[in-house]
Amino acid sequence: MSNSGNSLKNEEIREISSSDLTTDYQDLGAPSQHRGFIVTIFNTTNGDVYLRRNTDPVGVNTKRQPKASGRITDSKTNDGVEAPGTQFSVKWAGTPPEEPTGDFWLEYEYV
């Protein structure tokens, strides 16, 4: 395992309130500016949310984040990256809660 000696940096957090989520995909903040190595997702809403990237196949839901959960994707471990210019989009998975609560956000780390 190599260690480049570089430190991780963060882009601005991309977030959306549950009251602003819909059943149609909408952009989650701005496209990424750097090659991302660690993407962390938090869904503190009371409903499941789909997350996709503009590089995913059109018309396909590629990640589903359960309500009240988080996920860390550490691409650096296997030398994978999120490309600069990646746009993340989100929507409710299925029927939205009658009274939505919480937020959905994504943290993006790069070297």
Side-chain angles (χ1 to χ4, degrees):
M1 182 170 149
S2 69
N3 182 349
S4 64
N6 293 325
S7 61
L8 287 172
K9 300 168 186 71
N10 297 292
E11 288 194 359
E12 184 174 353
I13 292 175
R14 293 154 172 83
E15 61 187 317
I16 188 168
S17 171
S18 61
S19 60
D20 293 327
L21 276 168
T22 69
T23 55
D24 293 319
Y25 276 109
Q26 48 193 317
D27 291 344
L28 185 61
S32 63
Q33 298 175 357
H34 305 89
R35 291 169 34 121
F37 293 112
I38 300 174
V39 177
T40 307
I41 303 162
F42 296 96
N43 180 8
T44 64
T45 72
N46 56 344
D48 291 1
V49 175
Y50 285 130
L51 171 73
R52 69 179 315 276
R53 300 175 301 227
N54 60 333
T55 56
D56 292 336
V58 175
V60 176
N61 299 319
T62 55
K63 289 188 187 276
R64 184 177 179 135
Q65 189 65 36
K67 64 182 176 181
S69 68
R71 173 191 310 198
I72 298 172
T73 303
D74 182 358
S75 298
K76 178 66 175 155
T77 299
N78 296 315
D79 285 333
V81 298
E82 291 289 350
T86 299
Q87 177 65 64
F88 295 93
S89 302
V90 292
K91 72 175 184 176
W92 286 117
T95 305
E98 274 189 42
E99 295 183 31
T101 61
D103 301 295
F104 185 96
W105 72 94
L106 181 146
E107 296 173 358
Y108 192 91
E109 296 178 75
Y110 66 98
V111 175

[X]: partners by salt bridge (charged side-chain N to carboxylate O under 4.0 Å, His left out), with sequence neighbours left out:
X   : result
R64 : D48
E15 : none
E82 : R53

Restricting to non-hydrogen atoms, name the atom on [X] and the atom on [Y] that form the minimum distance, rounded to 0.1 Å.
X    : Y   : result
P100 : S19 : CB-N, 4.4 Å
E12  : R14 : O-NH1, 3.2 Å
A30  : Q87 : C-OE1, 3.7 Å

Item to check | Y50 and Y25 aromatic ring geometry - parallel, tilted or perpendicular at 30°/60° bounds | outcome: tilted
Determine yes or no for a side-chain-to-main-chain donor-acceptor pair under 3.5 angstrom, with [X] supplying the side chain and [Y] the backbone.
X    : Y    : answer
D74  : I38  : no
Y108 : G36  : yes
Q33  : E11  : no
T86  : S32  : no
S18  : G102 : yes

Item to check | Aromatic F88 / basic R52 pairing, under 6.0 angstrom, 45° off normal | outcome: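 Here R52 fails the 6.0 Å and 45° test against F88.
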Item to check | Pair N43, T45: side-chain N/O donor-acceptor within cut-off below 3.5 Å | outcome: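 There is such a pair (donor and acceptor under 3.5 Å, judged by atom type) between the side chains of N43 and T45.
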